[in-house]
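First listed ligand is number 1; within each ligand, the first listed atom is number 1. Computed from heavy atoms alone, side chains included, the values below leave out hydrogens, waters and symmetry copies.
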Amino acid sequence: MTDMAAPEFSIVLPAHNEAGAIAPMTTALKSVMATLGSFEIIFVDDGSSDGTLAALRAASTDPAIRYVSFTRNFGHQEALRAGLHYAQGRAVVLMDADFEHPPELIPDLVDLWRDGAKIVVTQRMDDDTQVSAMKRLTSKLYYRLLDTIGDVHIPPGSADFMLLDRRVVDLITGLEGHDMFLRGLVRWLGFPLTTVPFTRGKRLDGASKFTMRRMVELAITGIAAHSVRPLRIAVWLALAFASVGLLLVLYSIVSFFFVPRTVVGWSSIMAAIAILGAAQLLVLGIIGEYVGRILRETRKRPNYIVAETEADMKASQGGRSYGFRP
Ligand code: UDP
Ligand code: MG
């Protein structure tokens with residue numbers, strides 16, 4: 001079915017060590033999609049080390065189930081990118097494989113798309129008890145920062161759970177570059193967004209892969225992808241320290257003439273050195289962050305490497321006709 005004609009819908013699900021979720025998710029999606037139209041389900045195995053790939057191979061005997069398997073872990077955002085690339089549907093739904101993005105919400109997204117929305121995004125409601133207060137606070141502060149310095153407004157609670165029209169998918173897959181931050185990118189495109197609130201579902205199996213480190217990395221990518229203003233911190237710091245320095249000069253001149261006392265001020269000099277040193281390192285670090293990204297872009301390496309897809313599996317198992325694609 002999916003090989004002969006493009007389906008109406010593609011559901012794309014990045015999966016990193018989600019072996020236990022593949023079969024139940026497939027069942028859930030198939031029952032949700034049954035009345036909506038023709039569809040394909042595309043799992044992107046992002047370098048899983050558990051039985052995820054085996055589960056996908058087994059599931060893909062069903063012609064509606066496809067998969068793309070990376071050679072190693074390239075990250076959630078790259079998995080989304082690959083899914084968008086492989087999806088053939090006229091509308092593409094992106095969602096997590098772990099049931100935290102409830103499949104039952106898909107009909108709502110589809111309704112809005114049928115009413116003409118090009119991009120339907122979702123927003124996690126705030127009374128979400130599964131997220132720690134700390135995570136909620138940092139995410140709120142982060143989006144406020146991005147709002148101030150970046151070129152996009154991303155409301156807190158925004159998830160990579162969305163529906164994109166074919167036109168938007170083609171625009172995104174046509175973009176080059178490594179710093180993928182999908183929830184910013186879809187807003188940057190400028191199409192009107194339709195937002196659907198949702199309550200986060202319960203993770204079915206396994207654990208979250210987003211450690212503190214990965215979250216910080218994603219946060220930095222988000223800033224680098226949508227703002228160059230941090231580079232200007234150097235200018236602001238320079239201005240601030242120059243004015244403090246000017247006051248110090250005035251003070252030392254005045255005290256030279258009018259305050260008769262021996263040399264003091266060791267601690268203020270140490271403080272100045274320490275503060276200036278820290279400020280310089282900070283700015284160097286920020287510059288380094290951007291320079292590193294420029295280097296990565298100039299290498300023009302692919303964003304991910306595909307090891308196998310459902311077409312390879314079918315070709316190796318049942319002769320070429322199975323994997324034939326027009
Ligand atoms: N994921 C991925 N690659 C990764 C990390 C996560 O494809 O390197 C997938 C994961 O399998 C899940 C989705 O991205 O389907 C969201 O990840 P997770 O549930 O670990 O994050 P959280 O929901 O805790 O933010
Ligand atoms: Mg999750």
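Where the criterion is an N or O separation shorter than 3.5 Å, residue side chain and backbone included, Ala97 meets it with respect to ligand 1. Looking at ligand 1, you'll find an N or O of Pro14 within less than 3.5 Å of one of its N or O atoms.
Ranking protein heavy atoms by distance to atom 8 (O) of ligand 1, first place goes to Arg214 NH2, 2.8 Å. Remark: minimum distance from atom 6 (C) of ligand 1 to any protein heavy atom is reached at Phe210 CE1, 3.8 Å. What sits closest to atom 1 (N) of ligand 1 on the protein, heavy atoms only, is His16 CB, 3.7 Å. What sits closest to atom 22 (P) of ligand 1 on the protein, heavy atoms only, is Ser208 OG, 3.6 Å. Considering only non-hydrogen protein atoms, atom 20 (O) of ligand 1 sits nearest to Lys209 N, 2.5 Å. Looking from atom 23 (O) of ligand 1 to the surrounding protein, the closest heavy atom is Glu100 OE1, 2.7 Å. The shortest contact between atom 4 (C) of ligand 1 and any protein heavy atom is with Asp46 OD2, 3.4 Å. The nearest protein atom to atom 14 (O) of ligand 1, hydrogens excluded, is given as His76 CD2, 3.2 Å; this is a heavy-atom distance.
Taking the six-membered ring where the residue is Trp, Phe70 and Tyr304 present parallel rings, their angle staying beneath 30° rather than reaching 60°. Using cut-offs of 30° and 60° for the angle between ring planes, the His101 and Phe161 rings count as parallel.
Proximity of a side-chain donor or acceptor of Lys209 to a complementary backbone N or O of Ala207 within less than 3.5 Å is detected. Using a distance-only test at 3.5 Å, with no hydrogens or angles considered, a donor-acceptor pair links the side chain of Ser208 to the main chain of Phe210.
Between Leu36 and Arg114, the shortest heavy-atom distance links the atoms O-NH2, 2.7 Å. Here the shortest heavy-atom pairing between His76 and Asp46 reads N-OD2, 3.6 Å. Heavy atoms only, all atoms of each residue included: Leu109 and Val93 are closest at CD1-CG1, 4.4 Å.
Contacts between Asp96 and ligand 1 below 4.0 angstrom, taking non-hydrogen atoms only, involve backbone and side chain alike. Residue contacts with ligand 1, taken as heavy atom pairs separated by less than 4.0 Å, do not involve Asn17 at all. Under 4.0 angstrom from ligand 1, the non-hydrogen atoms of Glu18 all belong to its side chain. Contact annotation: for Gln77 versus ligand 1, there are no heavy atoms closer than 4.0 Å.
Residue contact annotation: Glu100 places an N/O/S atom under 2.8 Å from the Mg ion (ligand 2).
For Arg200, the closest heavy-atom approach to ligand 1 falls below 4.0 Å. Contact between Met95 and ligand 1 is absent, with no heavy atom of the residue lying under 4.0 Å from the ligand.
Under the 3.5 Å distance criterion, with hydrogens and angles disregarded, a donor-acceptor pair is assigned to the side chains of Gln77 and Asp160. Side-chain N/O atoms of Glu40 and Ser10 include a donor and acceptor closer than 3.5 Å.
Asp98 contributes atom OD2 as its closest N/O/S atom to the Mg ion (ligand 2).
Under a cutoff of 6.0 Å and an axis angle of 45°, Arg144 and Tyr142 do not form a cation-pi pair.
By the rule that hydrophobic residues join a cluster once side-chain heavy atoms approach within less than 4.5 Å of another member, Ile220 and Leu182 end up as members of separate clusters.
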